[in-house]
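The structure presented is a predicted model; accordingly, all values stated were derived computationally and were not measured. The sequence lines fix the lettering, A, B, ..., with proteins before strands; numbering per chain opens at 1.
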Amino acid sequence: MPSEFRLYNTLTRQVEPFAPADGACVRMYTCGPTVYNPAHLGNFRTFLFEDLLRRVLRLRGWSVNQVMNLTDVDDKIIKRANERGLTITQVTNPVIEIFHRDREYLRIERAESYPRATEFIPQMIALVQALVDRGVAYQAEDGSVYFAIDRFPSYGKLSRLDTREVRPGARVSQDEYSKENAQDFALWKAAKEEDERTGAAWDSPWGRGRPGWHLECSAMAMSLLGETLDLHCGGIDLIFPHHEDEIAQSEGATGKQFSRFWCHGAFLLTDGTKMAKRLGNVHTVADLRENAVSAAAVRHFVFSTHYRQELNLSADALEGALNAVRRIGTFARRLEEARGGTPALAEAARIAVESARAALFDDLNAPEALAALHTFIGAANAELDRGGTDESAMQEARRAFALIDGVLDVVPEEVSVEAGLAERVEALLAERKAARARRDFAAADAIRKSLEAEGIAVEDLPTGTRWTKVR
RNA sequence: GGCGCCGUGGCCAAGUGGUAAGGCGGCAGACUGCAAAUCUGCUAUUCGUCGGUUCGAUUCCGACCGGCGCCUCCA
């Protein structure tokens with residue numbers, strides 16, 4: 001199947017054809033979490049977008065080498081470690097564990113590597129050295145090393161911001177470091193007392209210190225993926241300054257293009273505003289689990305809006321996703337159990353795959369892929385109602401569903417059944433069957449109602465009665 | 001102040017210079033002892049407002065109104 005894959009590139013502000021430079025493996029770097037606090041759903045929206053991207057890249061036929069960094073040394077981590085009398089590692093280790101648990105809950109595929117900033121200090125120092133050698137970085141009086149943006153002419157090409165002036169209304173930097181130029185950013189920060197105390201200081205040619213935030217990503221990306229990446233992704237708020245600075249550092253050191261494509265996911269909002277820790281309106285994966293919001297529902301919710309569009313988290317939207325995903329789950333089971341199909345089923349399957357691929361390859365149009373899936377489910381259900389004995393049509397339908405769901409991954413998980421429950425339910429259902437046989441529907445309905453009250457759905461099918469635990 | 005995004009039915013949300021996908025919800029019908037699931041039909045003469053370009057605009061341009069984001073903590 002030919003189909004060109006197209007992706008929006010922040011560098012050019014256009015949707016462009018994309019393919020990996022070597023034609024086979026996409027080398028992508030995705031900015032990961034700063035691990036001082038469990039990541040919130042806003043962070044996960046971005047990670048979900050990246051999960052979608054890597055799955056679509058594979059659907060297109062490429063392999064993927066994804067790196068997601070874990071920023072395990074930074075101001076907030078040091079602050080927290082200091083407050084609690086811990087080392088930064090003692091702060092970050094448990095948070096990293098939570099990150100992976102949340103990641104798995106949301107069915108976000110494991111990236112090929114999760115480098116920790118603290119494990120790449122030598123590479124970072126080498127990068128700073130290269131920049132100093134090339135004359136685009138300097139050590140200031142405070143001992144820190146800064147990148148001199150006016151010695152890097154293309155600075156600003158990604159964000160297209162006029163960095164010359166800081167206007168009224170802009171947040172003003174309260175920098176405690178001394179720099180030549182207000183826009184220069186720290187590559188290497190001279191160690192302070194609390195850095196030493198929390199294990200956040202390393203030896204370097206410029207004295208004890210620690211890496212600047214931007215430096216971490218450049219060093220890890222280039223160490224693990226080479227000097228020119230195919231793709232670099234993150235949240236839209238990283239465009240400036242983080243990604244702009246990464247470009248400056250990396251290209252300033254190598255003279256080569258750092259990343260061919262830059263992709264940014266839009267924000268997740270809560271109550272109409274950005275979800276951010278400092279605004280105190282964050283929701284986490286833990287909140288979702290408490291409210292029995294399945295991963296499938298979250299994915300459906302997130303993928304129902306294009307990744308470059310803001311998305312507002314609301315109870316109504318989540319509820320809608322939960323219901324939609326229930327229909328998908330019912331259909332998935334029905335597909336497994338069906339014996340045969342019809343020619344029209346096969347035709348619907350072909351259309352679904354074609355539409356979903358076209359949508360996904362067109363700048364990750366997940367909402368449209370979801371629509372293709374739903375349209376397929378409607379058509380397939382109608383055909384299945386009609387019966388049919390065509391085995392190959394059935395297989396084609398299963399393949400189509402597996403292919404699309406292999407990207408979206410929106411079938412709700414089965415609710416686990418605790419020991420002993422099955423026997424108890426079966427016993428009650430036997431009683432109910434007897435009641436129905438003697439047409440004592442009041443008794444039969446009472447049993448069904450009591451089971452439903454504890455989260456057991458009872459359905460009478462032509463083939464017999466089936467029960468499922470729904471929560 | 002600079003830069004940028006958005007405004008589509010009750011809710012969520014695609015999309016296109018040629019006459020509005022899909023989901024949720026709701027209503028009616030089929031099926032069922034009744035339900036559930038599923039199916040069928042209905043649910044925006046209209047895409048923030050006002051102008052302009054055009055044979056034709058929701059889609060292009062301009063203004064305005066409303067919401068949001070970035071301008072060195074930030075997914």
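Between C47(B) and C39(B), the distance separating the two P atoms is 32 Å to the nearest Å. Taking atom C1' in both U53(B) and A63(B), one finds a spacing of 15 Å when rounded to whole Å. Nucleotides G62(B) and C5(B) place their P atoms 12 Å apart, quoted to the nearest Å. G9(B) and A20(B): their C1' atoms are spaced 10 Å apart (whole Å). Using C1' as the reference atom, C6(B) and G15(B) are 16 Å apart when rounded to the nearest Å. Distance check on atom P: C42(B) versus A35(B) gives 24 Å, rounded to whole Å. Using C1' as the reference atom, U45(B) and U19(B) are 10 Å apart when rounded to the nearest Å. Separating the C1' atom of U8(B) from that of A13(B) is a span of 9 Å, rounded to the nearest Å.
With a cut-off of 3.5 Å on both pairing distances, the Watson-Crick or G-U wobble partner of C60(B) is G52(B). Both distances falling under 3.5 Å, in either a Watson-Crick or a G-U wobble arrangement, occur for no nucleotide opposite U19(B). In this structure U72(B) sits in no base pair that meets the Watson-Crick or G-U test at under 3.5 Å. C42(B) and G26(B) make up a base pair, with Watson-Crick or G-U wobble contacts both under 3.5 Å. Nucleotide U32(B) has no partner under the Watson-Crick or G-U criteria, as no pair reaches both atom distances under 3.5 Å.
Rounded to an integer number of Å, the gap from CZ of F303(A) to C1' of G22(B) is 16 Å. Regarding H243(A), its NE2 atom lies at a distance of 11 Å from the P atom of C74(B), rounded to whole Å. Following rounding to the nearest Å, H40(A) (NE2) and C73(B) (P) show an atom-to-atom distance of 16 Å. Rounded to whole Å, the distance from CD1 on I447(A) to C1' on G33(B) is 15 Å. Regarding H232(A), its NE2 atom lies at a distance of 12 Å from the P atom of A75(B), rounded to whole Å. Rounded to an integer number of Å, the gap from CZ of F331(A) to C1' of C39(B) is 14 Å. Residue D237(A) contributes atom CG, which lies 13 Å from atom P of U72(B) at whole-angstrom precision. With rounding to whole Å, I377(A) atom CD1 is found 9 Å from C24(B) atom P.
Atom CZ in F5(A) sits 11.5 Å away from atom CZ in R357(A) (nearest 0.5 Å). To the nearest 0.5 Å, the span separating CG on L41(A) from NE2 on H283(A) amounts to 7.5 Å. In this structure, the separation between CZ on R466(A) and CG on L461(A) is 5.0 Å, given to the nearest 0.5 Å.
Nucleic acid contact class of F441(A) (heavy atoms, under 4.0 Å, all strands): base. Among the protein residues, R432(A) comes within range of the nucleic acid bases, having at least one heavy atom under 4.0 Å from a base atom. Using a 4.0 Å heavy-atom criterion, one finds that A457(A) contacts no nucleic acid atom at all. Looking at heavy-atom distances under 4.0 Å, L268(A) makes contact with a base. Nucleic acid contact class of R448(A) (heavy atoms, under 4.0 Å, all strands): base. Heavy atoms of G42(A) sit under 4.0 angstrom from at least one base atom.
Closest to the side chain of K76(A), from the set C73(B), A75(B), C34(B), is C73(B). Out of A75(B), G22(B), U72(B), the shortest distance to the side chain of K274(A) is found at A75(B). Side chain of R327(A), nearest nucleotide from C71(B), C24(B), A75(B): C24(B). In the set G33(B), A75(B), U40(B), U40(B) carries the atom at the smallest distance from any side-chain atom of A382(A). With U72(B), A35(B), A75(B) as the choices, the nucleotide that has an atom nearest any side-chain atom of Q183(A) turns out to be U72(B). Comparing atom distances between the E459(A) side chain and each of A75(B), C74(B), A36(B) picks out A36(B) as nearest. Residue N381(A) places its side chain closer to C39(B) than to any other of A75(B), A35(B), C39(B). For D445(A), taking side-chain heavy atoms from C-beta onward, the closest of the listed nucleotides U38(B), C34(B), A75(B) is C34(B). Nearest nucleotide to the A371(A) side chain, out of G22(B), C74(B), U38(B): G22(B).
Within the cation-pi definition used here (under 6.0 Å to the ring centroid, within 45° of the axis), R308(A) qualifies as a partner of Y8(A).
Toward the 5′ end of RNA chain B lies the nearest nucleotide of T330(A), the other residue of the pair A266(A) and T330(A) mapping further downstream. Residue whose closest nucleotide on RNA chain B sits further toward the 5' end, between I236(A) and R439(A): R439(A).
For R339(A), the CZ atom is loosely surrounded, since the number of other residues' heavy atoms within 6.0 Å does not exceed 12. Around NZ of K157(A), the count of heavy atoms belonging to other residues, nucleotides or ligands within 6.0 Å exceeds 12.
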*Could you run down nucleotides 4-14 of chain B 5' to 3' and tag each one B, S or - for protein heavy-atom contact under 4.0 Å?*
--S----S-SS
*Would you please test R6(A) and E4(A) for salt bridge (charged side-chain N to carboxylate O under 4.0 Å, His left out) and show each step?*
CA-CA 6 Å; R6(A) 294 164 62 81; E4(A) 181 181 54; 3.8 Å; yes
What are the atom names and distances for every N/O pair under 3.5 Å that joins the protein to nucleotides 25-32 of chain B?
from, atom 1, to, atom 2, distance (Å)
G25(B), OP1, N323(A), ND2, 3.4

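For the salt bridge (Lys or Arg N to Asp or Glu O under 4.0 Å) with D75(A), the qualifying choice from R80(A), K192(A), K189(A) is K189(A), the only one to do so. For the side-chain hydrogen bond (donor to acceptor under 3.5 Å, both in side chains) criterion with D409(A), the lone passing option out of H300(A), R299(A), R55(A) is R55(A).
At distances below 3.5 Å, at least one donor-acceptor pair connects side-chain atoms of S314(A) with backbone N or O atoms of A317(A). Judged by distance alone, the side chain of R432(A) and the main-chain N or O of A444(A) form a donor-acceptor pair under 3.5 Å.
In terms of the side chain to side chain donor-acceptor pair (under 3.5 Å) criterion, H264(A) has no residue partners (sequence neighbours excluded).
Between F185(A) and H214(A), the ring center distance clears the sub-6.0 Å criterion.
No hydrogens or angles were tested; on distance alone, nothing pairs the side chain of R45(A) with the base of A75(B) as donor and acceptor under 3.5 Å.
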